[in-house]
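The structure under discussion appears below in the form of structure tokens.
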Amino acid sequence: MIDEQYEELESRWLVGRRRELSDFLQLLQDSSRPQKIVNIYGTAGIGKSSLLDEFQRQAKAKGAFTLSIDSEGFVKTPQALCEHILTLLPAQSPEAMEASDLPVMCLQALNRLSSERPIVLFIDVYEQMESMDQWLRDYFLKKLNNNVLTVIAGRYPLNEAWHLSPAWRPLIMRMPLSELDYAAVARFAENTYITNEETIQRIWRYSKGHPLTLSLIAFLFSQPDYSDKAEHPGGDDSLPYLVSQWLREVPGEHLRPFIEASCVLRHFNQESLSFVMEREIAASEFYQLIRFSFIRRVDRGWTVHSLMRDAVNRELLSRTPQLYEKIRARALLYYYERLTDNSKQVPDPREAIELMYYIGDSLIRAFMNWFELSPRHYETVGSHHREELEAYAAKRVANAKDTRIELYDPHTNGHFNFLLTSKETCFTVQKLDFEALFSLGFDVVRVMRDAAGEIIGLAVIIPIHRDTLPYLKRAPRSSAYFSSLSPQMSERLSVPSHTRAGWFIETIDTADFADASQQAAMGHLLHSLIFTGELIVESPAPITYFIEAHKSLGFEVVPNGRHFNYDGITPTDTFVLDLQNEQVVSYIHRMLAITGQQQLLEQEKAPLPQAMQILQEDRSYDRISERMDITPREKEVAKLLERGCTNGEIAASLYISEVTVKKHIKSMFAKFDATNRTQLLKKLLD
């Protein structure tokens, strides 16, 4: 009785594998099935063994005889395998048989039993059976009757020899296992009596649908008061255990440095890994590395499973901080050199985005650590999508709910927690006049879709020129700034419609702010605009999540840009990032200066501009750095003024034009009612 209750409970715990279970049962019940082998594969902790257990329960319930073989439980010889199988069969005595007779006797016994009832042979941890693979493929499994179904599970798919064989290829059903979706995670949490939606969302974010991580974290959250104390669930307990499970497939310690360097890099290829490790990596070494189950192919190379990457980075930073910092500095230098390569006429925005992972502040790193490497994309739509867009906006408002975003930076152990009310989550889809927007041009409105083609996000990005300025001067989010332009700025922005003076971002929205892939799409879109090297104007929703992100990216609040047009109550600032008179590399240097990471380039003997050398010489308290009434860029200019630099020297050091230097000095003159540099410096230092 207890056994039956246990089996029922075990079945209930298996979630998110309905399709795999359906395919297996269909094969089991179809005597004319073409497939003889089901090949289940996936990385450590993905749930292979749990699925095998459920297959075995279902097969027994359908009257099949099941045999389960753990590849770690016997010597890897044909005789030992056959002896093991015979001990599991009824009325068999392998002890009385000669070793050479065991394979034949085993096959005869299996085929004889299969004429009476179906047999399912389960082989787990198949990567341990490498020495027996050819024998199983070319002899043993070939001689089994059709009424014997073999299920082979391991970290890797069956090798090429199986699939290159025209005889075997049609007989194999491939069953790759991936992470669970949100619905499956929610069902699992509910099975542990966790019903609070916010807690379920936290479990989803931390586990990322990885079954073993899910089970460990759900257990922790089910403990009394744990959810109130956990900043990063499982950080001290579950992740090291997971890493140890993954590393079981790594032969020896000689590959450990490759794995550590691969984890510091968000994605890697043979070239980047060689650069970071400061030695030429052979193709044979590289192919051995990317064969591991915790490494997957992405758009521009390979990446380590995000959970393992997170844990290895934290362990490496704790165990050997100097080594971690050196690898990280090399990664920064790799992308810095690629971005500043003089042979490239236009910097690659993707490389600039990747560089931001290493030069951004703790919040930016936490954002990017959360982001997926293969994000969804926004695509342009036309006026014929207007009804669909309006329906999406209405649905977003109708389904609004409070959302929590929790981010973690492994480099600083920094935790960030943003709570968005249901009202705030709707700011990004309110007050959008689609008729007016489509009249501005086809590519103004963009959407993001899910696999089923449903809209799950939208963006409105307006090129600034003389034909769009009338709209920008009256639209709720842009009117405060564009209606108060100085004559000089108004002239600068009034360019012909076949060109542009910059971008106004009216909104970037996603259906679920807690979904990493959707937020990655938002982040990549924003970064791609930043690295066009143009003027960007935006009045983001007055939510701490957006405001802090824009500050971390170097955006500055502009005068005369405040309004209350999101909800009529909340004051909302307008942010500007003006790179039009600078080079993209200047922005990179500015971010390095803001985050105090100039020494990373200096340690790797990369040339630093004079401004960066000055700004890193004395990081102790000084009045200019502590001032809150000037922008970060004005602080850089002021520090160089304090050192006696001329406008030309400041421009050269900061990679900006002298006109831009004069603009910043003029702005500070106005703020402090100063008429010359001496007066300005005196007031700055007061």
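Numbering of residues begins at 1 and proceeds along the displayed sequence. The analysis underlying the following values was restricted to heavy atoms, covering all of them including side chains, and did not include hydrogens, waters or symmetry mates. Being a predicted model, the structure only gives us computed values, none of them experimental.
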Is any side-chain heavy atom of I203 closer than 4.5 Å to a side-chain heavy atom of V185? yes

Please confirm whether the ring centroid of Y41 lies under 6.0 Å from the ring centroid of Y156. no

Does K62 use its side chain to pair, donor to acceptor, with the backbone of L28 at less than 3.5 Å? no

For L289 and L273: C-alpha separation, side-chain torsions, deciding distance, then whether side-chain contact (heavy atoms from CB on, under 4.5 Å) applies. CA-CA 11 Å; L289 173 68; L273 204 57; 3.5 Å; yes

Would you say the side-chain atoms of T43 and S293 include a donor-acceptor pair closer than 3.5 Å? yes

The test is salt bridge (charged side-chain N to carboxylate O under 4.0 Å, His left out); show your working for D53 and R57 and say whether it passes. CA-CA 6 Å; D53 291 343; R57 285 189 288 270; 5.1 Å; no

Take E260 and R319 through the test salt bridge (charged side-chain N to carboxylate O under 4.0 Å, His left out) and record every step on the way to the result. CA-CA 12 Å; E260 291 172 342; R319 177 171 54 86; 2.7 Å; yes

Going by heavy atoms in the side chains, are R17 and L177 under 4.5 Å from each other? yes

So, H163 versus R174: side-chain donor-acceptor pair below 3.5 Å or not? yes

Heavy-atom pair with the smallest gap, counting every atom of A400 and T425: CB-OG1, 3.9 Å

Check for a donor-acceptor pair, side chain of Q518 on one end and backbone N or O of D512 on the other, with a separation under 3.5 Å. yes

I'd like to know if the side chain of N313 reaches the main chain of R309, judged simply by a donor and an acceptor atom lying under 3.5 Å from each other, with no hydrogens or angles considered. yes

Side chain of K36, backbone of L141: donor and acceptor closer than 3.5 Å? yes

Least distance between heavy atoms, Q270 atom then S274 atom: O-OG, 2.8 Å

Does atom CZ of R169 have more than 12 heavy-atom neighbours, drawn from other residues, nucleotides or ligands, at distances under 6.0 Å? yes

Closest non-hydrogen atom pair between M277 and A261, with its separation: CG-CB, 3.7 Å

Flag the pair M522 / F546 as yes when at least one side-chain heavy-atom distance between them is below 4.5 Å, and no otherwise. yes

T510 vs Q519 side-chain heavy atoms within contact, under 4.5 Å: yes

How are the rings of W204 and Y182 set to each other: parallel, tilted or perpendicular (split at 30° and 60°)? perpendicular

Donor-acceptor under 3.5 Å (T403 side chain, A514 main chain): no

E197/R404 salt bridge by N-O under 4.0 Å criterion: no

So, T421 and D402: side-chain donor and acceptor under 3.5 Å apart, yes or no? no

Short side-chain donor-acceptor distance under 3.5 Å, Y392 and D509: yes

Ignoring hydrogens and geometry, is there a side-chain-to-backbone donor-acceptor pair from E127 to R155 under 3.5 Å? yes

Starting from the C-alpha separation in whole Å, work towards a yes-or-no answer on side-chain contact (heavy atoms from CB on, under 4.5 Å) for L316 and I327. CA-CA 10 Å; L316 185 62; I327 297 173; 4.1 Å; yes

What orientation do F418 and F416 show, parallel under 30°, tilted 30 to 60°, or perpendicular over 60°? parallel

Between the side chain of E20 and the main-chain N/O of M175, is any donor-acceptor distance below 3.5 Å? no

Does the plane of the ring in F286 sit parallel, tilted or perpendicular to the ring in W302? Use 30° and 60° as the thresholds. perpendicular

Heavy atoms of L171 and P34 approach each other most closely as CD2-O, 3.0 Å

Donor-acceptor side-chain pairing of H254 and E285 below 3.5 angstrom: no

N39 and Y126 side chains, donor-acceptor separation under 3.5 Å: no

Backbone of R18 reached by a side-chain donor or acceptor of S22 within 3.5 Å: no

Measure the CG-CD1 distance between D450 and I455 for me, rounded to the nearest 0.5 Å. 10.0 Å

Verdict with reasoning, E190 to T195, per side chain to side chain donor-acceptor pair (under 3.5 Å): CA-CA 5 Å; E190 289 165 4; T195 56; over 6 Å; no

Any salt bridge linking K395 with E454? Criterion: basic side-chain nitrogen under 4.0 Å from a carboxylate oxygen. no

Let me see the working for E390 and H385 under side chain to side chain donor-acceptor pair (under 3.5 Å), right down to the final yes or no. CA-CA 9 Å; E390 290 173 344; H385 291 91; over 6 Å; no

Beyond-backbone contact of L180 with F188, side-chain heavy atoms, under 4.5 angstrom: no

Please confirm whether the backbone N or O of N269 pairs with a side-chain atom of S272, one donor and one acceptor, at under 3.5 Å? yes

With distance as the sole test, does T507 use its side chain to make a donor-acceptor pair with the main-chain N or O of I505 at under 3.5 Å? no

Do the two ring centres, one from H550 and one from F555, sit under 6.0 Å apart? yes

Are R266 and T303 packed together at the side-chain level, in the sense that at least one heavy-atom pair is separated by less than 4.5 angstrom? no

Are R330 and E325 close enough, and set up right, to give a salt bridge (charged side-chain N to carboxylate O under 4.0 Å, His left out), and what steps lead you there? CA-CA 9 Å; R330 291 291 297 176; E325 291 294 350; over 6 Å; no

Kindly compute the distance separating OG1 (T544) from CG (L420), expressed to the nearest 0.5 Å. 8.5 Å

Around E379, counting heavy atoms of other residues, nucleotides and ligands shown, do more than 12 lie under 6.0 Å from its CD? yes

Return the minimal non-hydrogen interatomic distance between A161 and R137, and the atom names on each side. CB-CZ, 3.5 Å

Student check: side-chain heavy atoms of I405 and Y545 closer than 4.5 Å: yes

Is the shortest side-chain heavy-atom distance between L149 and F55 below 4.5 Å? no

For V15 and A184, the nearest pair of non-hydrogen atoms, with its separation, is CG2-O, 3.4 Å

